[in-house]
**Student:** 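One structure is given below, represented as structure tokens, and several questions about it will come after.
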Amino acid sequence: MDTIANLWSGRTGLAKSYWLWGVLSGIPWGLALSLITPGSNLAILTALAFVTYYVVVHVGVWRAASQYQ
């Protein structure tokens, strides 16, 4: 939970926030979304989790960029 709090607040660092949590984490998300049946309850739940995750990541990247020197 502390990792998510650090990411959300921008304390993770810009490079780690962007590359690790933003870019590299897209691989398992893309794989998960491609393996499930479109329109199923699991697909809807996965898509909602995906959107929620990326809201946290984008806010974290934005805040880390604001602190970057």
**Student:** Test question: given the 4.5 Å side-chain rule for I, L, V, M, F, W and Y, name all other residues clustered with L48, or answer none.
**Tutor:** I44
**Student:** Identify the heavy atoms of L33 and I36 that sit nearest to each other, and give their distance.
**Tutor:** O-CG1, 3.6 Å
**Student:** What pairs of donor and acceptor atoms, side-chain ones from residues 18-29 against any protein atom, are under 3.5 angstrom apart with sequence neighbours left out?
**Tutor:**
from, atom 1, to, atom 2, distance (Å)
S25, OG, W21, O, 2.3
S25, OG, Y53, OH, 3.1
S25, OG, Y54, OH, 3.3

**Student:** Excluding sequence neighbours, so at least two apart, what forms side-chain contact (heavy atoms from CB on, under 4.5 Å) with W62?
**Tutor:** S66
**Student:** Taking all non-hydrogen atoms of both residues, which atom of L7 and which atom of S17 are closest, and how far apart?
**Tutor:** CD1-OG, 3.8 Å
**Student:** Which residues, ordered by chain and number, are linked to L31 in its hydrophobic cluster, where ILVMFWY side chains connect at heavy-atom gaps below 4.5 Å, directly or through other members?
**Tutor:** L35
**Student:** Suppose the criterion is side chain to side chain donor-acceptor pair (under 3.5 Å): which pairs have a residue in residues 33-45, not counting sequence neighbours?
**Tutor:** none
**Student:** Holding to side-chain contact (heavy atoms from CB on, under 4.5 Å), I want the full list of residues that pass it with L45, two or more places apart in sequence or in another chain.
**Tutor:** none
**Student:** For the CD atom of Q69 and the CG atom of L14, what is their distance to the nearest 0.5 Å?
**Tutor:** 12.0 Å
